[in-house]
Amino acid sequence: MFRLFKNLTKKDLTMIFASVILIIVQVWLDLKLPGYMKQITENLVTTGGAKTIILNYGIKMLACALSVALLAIIVGFLIAKVSASFGTVLRTKVFDKVQGFSLAEINKFSTASLITRSTNDIIQVQNTVAMGLQVLIRAPIMAIWAIVEIVNKSWQWSIATSVAVMVILLLISIVTIFAIPRFKVIQKQTDDLNRVTRENILGTRVIRAYNAEEYEENRFEGVNGKLTNTHLFVSRIMALLSPGMNLVMSGLTLAIYWIGVIIINNAGLIQKAGLFSDMMAYSQYATRVIMAFIMLALIFIILPRAIVSANRINEVLSTSETIKNGAGVNGKTKCGEIEFINVSFKYPDAEEYIIKDVSFKAKMGETIAFIGSTGSGKSTLINLIPRFYDTSEGQILIDGEDIKNYTLEQIHNIVGYISQNAILFSGTIESNLSVGANDKKQYSVEELDNVTKISQCYDFIKSKKEEYKSEVTQGGSNLSGGQKQRLSIARALLRNPEILIFDDSFSALDYKTDYSLRQSLKEKCGGVTKIFVAQRVGTIKDADNIIVLDNGCVVGSGKHDWLLDNCEVYKEIVLSQLSEEEIK
Amino acid sequence: MAHNGNNGRFANNNDKPKNFKKSIAKLLRYSKKYLPMVIVALVITTLAVVIRVYSPTKLQELSNAIVDGFNRLSQTGMWFLDMKVITNICVVILVLCVLNFIFNFVQGLIMANVTQKVTKNLRRDISVKINKLPLKYIDGTATGDILSRVTNDVDLIGQSLNNSIVTIVSSVFLFFGTLIMMFIKNWLMAITAILATILGFVIMILVMKNSQKYFVKQQKNMGELNGFIEEVYSGHKIIKAYNAESESKAKFNVINKRLYNSGWKSQFYSGLIGPLMGFIGNLGFVAVCVVGAILYANGRVDFGAITAFMIYINLFSNSLSQMAQVTSSVQSAAASSERIFEFLDEDELSDESSKKNSLNPSDVLGNVTFRNVRFGYVDNKTIIKNFSVDIKAGQKVAIVGPTGAGKTTIVNILMRFYELNQPRLILGGRLTEYKVFDNGKSILLDTNSKGYLIVNNEETDFLVPDNYLELFKNGAIKFDQDFKIYTNKVLQPCGIPVITGNEIDTPNNYDFAIAYYGDIFIDGKPINSLTRNNIHDMFSMVLQDTWLFEGTVKDNIVYSKKSVSDEEVINACQYCGIDHFIKTLPNGYNTVLSDQTNISAGQKQLLTIARAMIQNSPMLILDEATSSVDTRTEQLIQKSMDNLTKNRTSFVIAHRLSTIKNADQIIVVKDGDIVECGNHAELLAKDGFYSNLYNSQFQEI
């Protein structure tokens with residue numbers, strides 16, 4: 001948590017400092033109120049009340065109250081600014097950090113977790129700062145100051161107050177010890193309940209087919225019962241809290257009066273009036289002491305959650321990026337040749353290699369295809385080219401230069417990468433096509449037309465009312481799988497890359513579109529090196545070189561016909577998809 | 001996306017309820033059982049309020065007793081305090097404090113109990129309801145939507161039940177109680193206190209009204225930012241590969257800046273509540289002090305009254321803020337209650353307890369007949385128009401067609417996940433009087449109406465289900481022509497020519513016509529006459545989306561089947577070739593399967609096949625069980641599926657040529673309708689859609 005505070009700007013710190021000063025003034029004024037009241041009381045019991053004095057003090061009290069409120073509002077303003085700015089800075093830092101991550105770091109956290117860390121966790125910390133900062137500054141000042149005001153008044157009162165503070169702390173401890181851990185349990189049991197319900201909904205068909213409705217109901221009753229019991233336990237303890245605090249507060253006031261009466265009764269005649277007004281004031285101070293302690297205790301209940309969030313944010317911020325940017329290669333001629341030299345890859349902590357000793361070379365304009373069963377490492381292999389991961393061993397050369405020598409930006413400009421699941425962003429078709437337009441800010445309609453024609457999406461775009469300005473919803477949910485894939489292919493083509501990488505990006509296309517797309521790629525993008533990963537044999541049958549992967553190793557490479565005769569794994573894959581007579 | 005489907009996103013709990021009264025009334029009626037307990041809690045609360053309102057009077061006495069001492073001192077110069085009286089008062093106050101504590105605590109315990117019972121029941125009822133809803137509803141509703149009702153909505157109701165019911169009553173009592181007590185003590189001070197408090201609240205309401213827009217704005221910006229972050233993080237690969245970082249950073253900064261602006265403002269406004277409340281308290285405090293002191297000085301009020309008023313003013317503003325809180329809490333409870341009861345009141349599956357017909361799964365042969373089946377998901381959009389096929393016991397039926405063509409529709413209607421369009425029997429004819437029987441109800445028509453619609457096309461044989469036979473037998477309908485009635489055991493054309501469309505006139509030549517939407521028959525029994533449970537008993541099912549729940553491997557395999565021995569489980573697993581894998585798991589068959597368990601899609605699929613095997617039903621449905629696994633695993637699964645289908649009538653939604661080619665019947669589906677049916681050779685010879693599909697390199701697209 002405190003490490004995060006380093007992210008506070010100078011301005012924030014100044015504002016916090018100002019707040020501290022203002023809060024001190026505020027506490028001072030606040031503690032003046034019982035003092036004035038004491039004066040009034042004394043005035044009343046000794047002189048029977050002089051109007052001018054009463055009004056005088058009354059106005060002073062009112063002025064105090066007003067100032068306290070005003071100061072509190074100013075402090076509230078400052079703290080609101082500080083906490084919002086703190087949250088904003090943190091969000092920017094985390095977002096920028098994540099933007100720099102390679103896939104290795106993303107996988108380490110998982111996308112879902114990174115999203116939570118950038119949103120909920122930061123909000124959590126921000127809110128705690130907003131609420132906590134005031135209380136954290138104010139409560140101790142108030143407690144100490146109020147104690148100082150009353151400490152030498154009467155040891156009997158002090159004991160009563162200490163006892164009350166201890167009882168309150170005890171009460172809160174009971175709640176903290178017994179109830180707070182249960183909140184975590186409740187969270188988990190709620191997750192369980194959610195899970196069972198989700199399972200029930202998703203498995204409706206199976207459940208009904210197996211007549212397992214009762215089985216499911218029993219399963220639900222199990223988690224439901226557990227959750228209810230924990231809730232019951234917690235709410236029983238919580239039922240103690242508010243009445244308990246009330247009891248302590250009123251008990252303390254009573255005790256102060258009771259003790260006070262005895263003290264007054266036993267005191268000398270001259271001291272009596274002073275003691276009486278002291279007593280009135282004392283009960284006010286004592287209430288403030290207790291409130292300060294309650295506030296502090298509540299902060300310590302909220303704080304752990306914020307600390308957990310803070311640590312999660314810190315984890316992100318302190319993760320160093322594993323992919324180092326290259327120095328850059330100048331004056332290279334564009335040709336699009338790519339070569340793998342004995343490339344192996346494994347995840348940092350893994351024992352098994354995902355890719356072992358893969359070498360191949362693709363010349364300008366060639367089509368290379370990778371095929372293999374799920375888990376054979378073909379997607380991982382091509383993810384090495386745009387440096388989503390770095391090779392564990394071996395080298396990848398583009399146009400004769402190690403890819404690590406290029407800057408990442410250069411690499412990404414050379415390589416047009418099309419992902420397995422077409423990823424589209426909310427916006428328009430045009431904004432999606434021109435993602436990362438780099439130096440070029442806008443593409444002409446001709447350029448757009450050209451690439452959409454090649455990727456077979458020209459027609460469906462033109463059939464839309466707003467053509468390139470048509471809306472794309474988040475995740476492209478208003479488009480079909482095939483449309484999304486074709487758009488993402490167009491997006492890659494638009495950048496005019498030297499090398500195109502298709503990571504199984506034809507899977508949602510029907511056979512006919514698949515064919516025409518390959519045809520037009522061949523015609524219009526002859527000079528571009530194309531690398532395919534595919535499940536469907538049909539997609540890659542015509543490749544210049546098919547590389548067959550099995551468990552990360554190359555088990556065969558060559559043309560379709562040759563592989564059919566010479567590569568067992570390839571034949572198996574083909575057979576599972578085509579019938580014998582169609583292969584020939 | 002599955003990971004991100006946080007409940008929060010679906011929780012529109014802050015919506016205002018459409019019908020506030022109705023929703024609350026429903027909730028109260030639902031909790032009727034606990035009314036006695038609630039009443040006890042309310043009585044206790046009322047006692048507690050009485051104590052709270054009364055105890056300042058005691059404090060007043062105490063103060064007065066002390067001040068009397070001072071008065072005596074100043075008048076006579078002698079000090080005397082009646083310590084006995086003071087001790088008595090103090091003891092009474094102490095007792096009142098303790099009683100107040102006990103009452104509040106007990107009330108809290110009772111309400112906690114009631115709340116938890118009600119919420120538990122609500123959750124259970126929602127869960128039970130899920131299994132009673134037609135699939136039509138479940139398929140058409142987002143999972144998150146139902147989930148948020150089970151958790152968020154029920155939680156919200158729980159929270160407000162716990163506090164609101166009691167707070168409504170106690171705050172109202174407290175409000176009036178304090179008001180009365182204040183006026184009894186001194187009307188001038190009472191008015192002072194009320195004016196001060198109300199002035200404070202008016203200021204607060206004005207401020208809060210003004211702040212509402214910032215909260216809304218902040219919520220909106222936050223949603224926007226979260227959406228953007230989710231999108232960018234999910235598309236990280238593309239952002240990187242396309243050098244789009246600076247673009248997204250720029251956009252992020254714009255939204256983040258907006259959030260900052262609305263964020264600090266709403267934070268500031270919500271932070272105002274504290275100081276304002278404090279100010280209201282102080283204002284009242286000072287006002288009462290000053291007015292009280294002046295009145296005291298004039299001798300119009302005793303000293304203790306000022307002390308008492310200090311507390312009353314506190315209680316008074318408390319009761320007001322409690323009422324404000326409770327209104328908003330009740331509002332959201334009403335919205336949640338509306339959402340929950342809307343769900344609980346959904347139409348359920350038809351009650352089948354009166355169905356006496358049933359087939360014993362162990363005696364079922366497995367003859368399945370589709371006869372003139374019509375079906376549409378939406379009422380006036382029929383997709384399966386008129387489909388008939390006879391499937392003999394033990395045959396294998398492949399259902400093929402392009403993705404999205406509606407292959408699962410056949411499973412849906414066979415298992416009665418979706419009901420066939422209401423079978424309808426309309427009898428007509430030139431009789432002495434015209435009678436129409438619709439689902440057994442006779443309607444008398446006037447003699448001028450001539451005849452009745454004949455809906456079936458192409459098919460000339462009609463089937464009269466058992467329950468309608470009576471109508472013929474008991475002579476409700478007389479025939480003046482030789483007209484045979486066939487039972488559903490033997491299907492023969494009954495010789496009535498067909499008029500297509502919904503033509504009203506019966507041609508002169510025919511005295512009688514039957515229109516009947518078809519049905520599916522298992523061993524000659526229409527599935528509509530059987531209970532759903534009975535039908536489900538006759539089928540085992542393996543689906544494309546492997547469905548396993550968090551539980552042990554054994555539980556997942558045995559599932560709802562009663563008295564299955566461990567040996568049977570192991571046998572089934574050996575048969576499926578998954579036994580070895582299970583034994584490598586940390587706890588073997590007792591390993592709990594969860595998201596963390598390292599288990600591949602193929603292995604999951606094998607487990608569901610083992611489950612189907614244990615079920616050992618006479619018929620089988622396999623829905624593309626191998627589409628999510630690689631070729632090699634597929635072969636393994638295929639082998640165990642072949643084992644499973646032996647001697648069982650099986651329906652296989654398939655894309656593997658080998659499966660399709662040797663199926664006894666191939667049902668070809670296109671755009672929802674069944675376009676062709678026959679075996680491989682027959683269909684190829686037809687040169688229709690199937691042969692087209694087959695020749696264009698048959699595969700899933």
Side-chain angles (χ1 to χ4, degrees), chain A residues 40 45 49 54 58 61-62 65 69 72-73 76-77 80-81 84 88 95 99 111-112 114-115 118-119 130 197 199 201 203-204 206 209-213 215 220 224 228 231-232 235-236 239 243 247 250 254 258 261 265 373-374 386 409 412 417 419 423 425 435-436 438 510-511 573 576 579, chain B residues 3-4 70 81 86 90 93 97 101 104-105 108-109 112 116 120 123-124 127-128 130-131 138 143 147 150-151 226 229-231 233-238 241-245 252 256 260 263-264 267-268 271 275 279 282 286 290 293 296-297 533 536 541 547 549 559-560 630-632 657 701:
Chain A
I40 294 183
V45 287
I54 295 168
M61 280 171 86
L62 211 56
I73 290 171
F77 173 80
K81 278 254 179 192
T88 307
F95 184 82
Q99 289 284 284
T111 305
L114 281 175
I115 292 173
S118 319
T119 53
T197 314
E199 282 172 355
I201 298 169
T204 310
V206 177
Y210 284 80
N211 286 333
E213 287 92 343
Y215 188 91
F220 185 86
N224 192 11
T228 308
H231 261 308
L232 205 52
S235 44
R236 277 178 185 154
L247 179 65
S250 36
L254 177 65
W258 205 337
V261 175
N265 200 24
S373 55
T374 22
E409 194 177 335
H412 294 148
Y417 171 85
S419 60
I423 296 163
F425 304 98
V435 158
N438 292 336
D510 61 68
Y511 186 69
I573 294 167
S576 73
S579 66
Chain B
H3 299 284
N4 312 332
F70 282 102
L81 271 186
I86 287 176
C90 285
I93 295 178
C97 279
F101 165 75
N104 280 327
F105 183 49
L109 288 183
Q116 292 312 321
K120 185 184 179 186
R123 280 193 293 261
R124 188 200 56 219
S127 160
V128 168
I130 295 172
N131 291 327
I138 290 178
T143 311
L147 281 180
V150 181
T151 48
N226 288 1
I229 287 178
E230 190 179 328
E231 191 170 78
Y233 284 11
S234 317
H236 186 76
K237 244 180 174 177
I238 294 302
Y242 286 70
N243 290 334
E245 284 108 325
F252 176 84
N256 200 9
Y260 167 77
W264 79 258
Q267 174 61 45
F268 172 58
F279 180 66
N282 280 335
V286 173
V290 171
Y296 175 74
N533 278 356
H536 296 158
M541 206 165 75
W547 184 79
F549 58 89
Y559 202 38
S560 59
D630 64 78
T631 343
R632 294 176 134 194
L657 273 186
I701 48 179

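Every heavy atom of this structure was used, including side-chain atoms; hydrogens, water molecules and symmetry mates were not. We name chains A, B, ... by the order of the sequence lines, and we start the count at 1 in each one.
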Report which part of [X] has an atom under 4.5 Å of a heavy atom belonging to chain A: side chain, backbone, both, or neither.
X      : answer
B/L109 : both
B/I86  : side chain
B/W547 : side chain

Note to self: A side-chain contact here means heavy atoms from C-beta on lying under 4.5 Å apart; do A/V206 and B/F549 qualify?
What the structure shows: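 Of all side-chain heavy-atom pairs linking B/F549 with A/V206, none is under 4.5 Å.
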Next item on the list: Decide yes or no for B/F105 and A/R236: does some side-chain heavy atom of the first lie under 4.5 Å from some side-chain heavy atom of the second?
Entry: no
Item checked: All salt bridge (Lys or Arg N to Asp or Glu O under 4.0 Å) counterparts of A/E199, not counting sequence neighbours ->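 By the salt bridge (Lys or Arg N to Asp or Glu O under 4.0 Å) rule, A/E199 matches A/R195, A/R219.
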Notebook entry, point to check: So which of A/G203, A/G76, A/P386 has the largest heavy-atom pair count under 4.5 angstrom toward chain B?
Noted result: A/G203
Notebook entry, point to check: Taking only residues two or more places apart in sequence or in another chain, which ones pass ring pair (Phe, Tyr, Trp, His ring centres under 6.0 Å) with B/F268?
Noted result: A/F77
Heavy-atom distance under 4.5 Å to chain B: side chain of [X], backbone, both or neither?
X      : result
A/I201 : both
A/L247 : side chain
A/T88  : both

Check: In Å and rounded to the nearest 0.5 Å, what is the CZ to OG distance from A/F220 to B/S127?
Finding: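 So the CZ of A/F220 and the OG of B/S127 are separated by 4.5 Å.
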Check: To the nearest 0.5 Å, how far apart are OG1 in A/T197 and CG in B/L147?
Finding: 6.0 Å
Notebook entry, point to check: With respect to chain A, which residue among B/H236, B/M541, B/Q267, B/E245 yields the maximal number of heavy-atom pairs within a distance under 4.5 Å?
Noted result: B/H236
Next item on the list: Provide the closest heavy-atom pair for A/Y215 versus B/S560 in the form atom of the first, atom of the second, distance.
Entry: CD1-CA, 3.9 Å
